[in-house]
Chemist: 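Below: one structure in structure tokens.
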Amino acid sequence: MIVIDTTRCTACRGCQTACKQWNSLSAVPTECKGSYENPPDLSYNTYTKIRFNEVDRDGEIRWFFGQHRCMHCADAGCMKACPVPGAITREASGSVVINQQLCTGCKYCVFGCPFDVPRYDRSNAEGFGEDKAFKCTLCFDRQGMGMEPACTKTCPTDALYFTDKGKLGGITAAAKEKGLAVYDGGPLRTNVVFLLEDSATQYGLPAKPAIPTPTFLWRTIMKPVGVIAFVAGVVGLIAHYITIGPKEPDEEGGAAAPSPSPSPGEGGEY
Amino acid sequence: MSHHLVKRTTQGERMFHWINMLAFIVLVITGLGLYAKSFFGLTGLFGGVDNSRVIHHWAGIVFIVATVIIFLQWFKDISAPGEDSLGAVIKEYMDPSAKAPPAGKFNAGQKLAGWVAIILAVLMALTGLAMWFPFQLGRGLQQWMYFLHNLGFILFMGFIAIHAYLGTIGVPGTWRAMTKGTVTREWAKKNHPKWDAEEA
């Protein structure tokens with residue numbers, strides 16, 4: 001997993017560059033918005049980006065540097081939302097990975113993510129065509145070859161570093177001693193952990209990260225409820241047919257009416 | 001037995017209802033594939049998930065157009081006040097010996113069904129459009145669109161189960177209104193006594 005010690009980040013953006021280099025992602029034109037922050041946003045070919053937040057603290061300028069990237073949740077909103085089996089998988093390393101070969105471009109994951117991470121772009125016509133979703137893979141390919149992710153490998157100040165889950169307890173205990181807040185996505189149990197000097201929102205992180213309520217209702221509650229309700233409804237109708245029976249017209253002229261009607265089970269042609 | 005037949009539906013009503021029904025079936029099959037991973041195999045019927053999605057979008061257009069046309073055809077009939085009540089209509093289905101309520105062309109249940117159908121169809125069309133073209137509403141609202149499309153689908157399936165049952169085996173003699181456009185005099189007398197008296 002990755003730890004991001006924000007006290008050590010100098011916003012050199014080496015992680016952005018290393019990520020692009022390893023993943024062969026093309027550059028995005030920069031945009032001047034009165035800040036060093038660039039490229040403008042995550043995109044299908046920008047998996048990570050340092051956020052610059054300039055805050056006036058009693059006449060003193062504070063600069064908060066936060067990294068916008070996939071947090072690789074143990075309980076991942078994108079995986080919940082995705083309708084295609086195998087299009088988003090969790091690798092042994094804990095990485096949540098989109099398989100663009102299977103992705104159908106529905107963009108459900110884009111809106112299921114609590115951290116606003118997956119991106120798609122219609123202009124991405126190279127390789128897989130169009131409309132595919134992209135995001136950080138936690139370099140699961142590098143990890144598979146026994147290497148750490150490109151971003152942690154390149155970080156010159158060790159603000160970003162790669163570590164085992166087992167060592168996390170010691171790291172967070174030490175951070176708390178220094179007065180830092182540990183941000184691990186709460187119920188989402190992210191595989192990317194931030195050590196924060198200030199409130200999460202200063203770093204562009206949601207204060208209370210959670211699967212979006214509508215996504216949870218849609219994928220976790222409604223999906224089984226719908227199937228159960230429909231089956232129960234059909235069983236109810238069959239029960240009605242068997243016990244109460246269909247609503248037949250009253251036979252005229254008494255019981256002897258020679259009605260040539262076939263059995264009602266054959267579509268009710270009367 | 002009587003050979004008297006009563007005209008129940010016009011050719012136009014039948015045509016759009018058939019378009020409607022076929023589009024609905026296509027929508028259900030293509031949509032179920034994305035509803036849950038356990039139904040994903042259904043996308044194979046239409047040549048994979050990518051094709052399935054494209055067909056779902058365009059079948060949705062056909063469906064909403066046909067549904068709105070049917071709504072306009074029947075708007076007057078489903079808005080007309082009736083002498084029967086929903087309770088009496090349901091009671092008759094639950095107890096065949098109950099006295100038939102004085103239903104007009106459409107009984108209270110059918111009128112309700114007409115409104116439920118158009119409301120659900122519009123809900124599905126609007127939320128479906130938002131899913132087809134995301135990034136227009138903002139994240140929060142867009143997330144609710146998926147939920148509402150899902151909720152609308154579940155309600156629609158409940159509606160269609162009852163509708164299909166009552167339109168075929170639940171009320172024998174109804175289906176021919178979809179095929180031939182006529183019903184028997186006995187059927188009319190039993191199910192729509194007031195309408196039958198008016199038509200006679």
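Reminder, nothing fancy here: chain letters follow the sequence lines and each chain counts from 1.
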Chemist: Atom NZ of residue position A:K208 - does it have more than 12 heavy atoms of other residues, nucleotides or ligands inside 6.0 Å?
Modeler: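 Counting other residues, nucleotides and ligands, NZ of A:K208 stays at 12 neighbours or fewer.
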Chemist: One pair to check against ring pair (Phe, Tyr, Trp, His ring centres under 6.0 Å): B:F135 and A:Y120. What are the steps and the verdict?
Modeler: CA-CA 11 Å; B:F135 306 109; A:Y120 97 102; 5.4 Å; yes
Chemist: Does a sphere of radius 6.0 Å around CD in B:Q11 hold more than 12 heavy atoms from other residues, nucleotides or ligands, not counting ones at 6.0 Å or beyond?
Modeler: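 Counting neighbours around CD of B:Q11, 12 or fewer heavy atoms of other residues, nucleotides or ligands fall under 6.0 Å, so no.
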Chemist: Does any N or O in the side chain of B:Y35 come within less than 3.5 Å of the main-chain N or O of A:K223, such that one atom is a donor and the other an acceptor?
Modeler: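 Yes, because the side chain of B:Y35 sits within donor-acceptor range (under 3.5 Å) of the backbone of A:K223.
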Chemist: For A:G226 and B:I154, work out which heavy atoms get closest and say how close.
Modeler: CA-CD1, 3.5 Å
Chemist: Could you have a look at A:A81, A:G112, A:P212 and say which one has the most heavy-atom pairs with chain B under 4.5 angstrom?
Modeler: A:P212
Chemist: Grab the two heavy atoms, one from A:E248 and one from B:K190, that are nearest each other, plus how far apart they are.
Modeler: O-CE, 3.4 Å
Chemist: Please identify which of these residues, A:C106, A:P83, A:C82, meets the side-chain contact (heavy atoms from CB on, under 4.5 Å) condition with B:L34.
Modeler: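 When side-chain contact (heavy atoms from CB on, under 4.5 Å) is applied between B:L34 and each of A:C106, A:P83, A:C82, only A:P83 qualifies.
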Chemist: Check whether B:R53 gets within reach of chain A through its side chain, its backbone, both or neither, counting any heavy atom under 4.5 Å.
Modeler: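 For B:R53, the side chain is the part near chain A, not the backbone.
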Chemist: So B:M145 and A:F111, do their side chains get closer than 4.5 Å, heavy atoms only?
Modeler: no
Chemist: Could you check which of B:V49, B:D95, B:L166 has the highest count of heavy-atom pairs closer than 4.5 Å to chain A?
Modeler: B:V49
Chemist: Measure the NZ-CZ distance between A:K107 and B:F133 for me, rounded to the nearest 0.5 Å.
Modeler: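 The NZ atom of A:K107 sits 9.0 Å away from the CZ atom of B:F133.
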Chemist: Out of B:M131, B:H149, B:E92, which one racks up the most heavy-atom pairs below 4.5 Å with chain A?
Modeler: B:E92
Chemist: Does any heavy atom of chain A fall under 4.5 Å from the side chain of B:F39, the backbone, both, or neither of them?
Modeler: side chain
Chemist: Are the side chains of A:W218 and B:Q143 in contact, using a 4.5 Å heavy-atom criterion?
Modeler: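 SC-SC contact between B:Q143 and A:W218 ruled out.
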Chemist: Which one of A:I221, A:V234, A:D116 has the most heavy-atom pairs closer than 4.5 Å to chain B?
Modeler: A:D116
Chemist: Considering only heavy atoms, which portion of B:L148 lies under 4.5 Å from any heavy atom of chain A: side chain, backbone, both, or neither?
Modeler: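 Nothing of B:L148, per the 4.5 Å heavy-atom cut-off to chain A.
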Chemist: Below 4.5 Å, heavy atoms only, C-beta onward: do B:W144 and A:L217 meet side chain to side chain?
Modeler: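 A side-chain contact under 4.5 Å exists here.
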Chemist: Need one label for B:Y93: side chain, backbone, both or neither, based on atoms under 4.5 Å from any heavy atom in chain A.
Modeler: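 B:Y93 touches chain A through backbone and side-chain heavy atoms alike.
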Chemist: Can you give me the closest heavy-atom contact between B:P172 and A:P246, atom names plus distance?
Modeler: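 Minimum heavy-atom contact is CD-CB, 3.6 Å.
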Chemist: Among the options A:L102, A:V227, A:V84, pick out the one with the most heavy-atom pairs lying under 4.5 Å from chain B.
Modeler: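 Top count of heavy-atom pairs under 4.5 Å with chain B: A:V84.
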Chemist: Who wins among B:Y146, B:F153, B:F147 for the most heavy-atom pairs under 4.5 Å with chain A?
Modeler: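 It is B:Y146.
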Chemist: Would one find more than 12 heavy atoms of other residues, nucleotides or ligands at under 6.0 Å from atom CH2 of B:W58?
Modeler: no
Chemist: Tell me, for A:F216 versus chain B, whether the close heavy atoms (under 4.5 Å) come from the side chain, the backbone, both or neither.
Modeler: neither
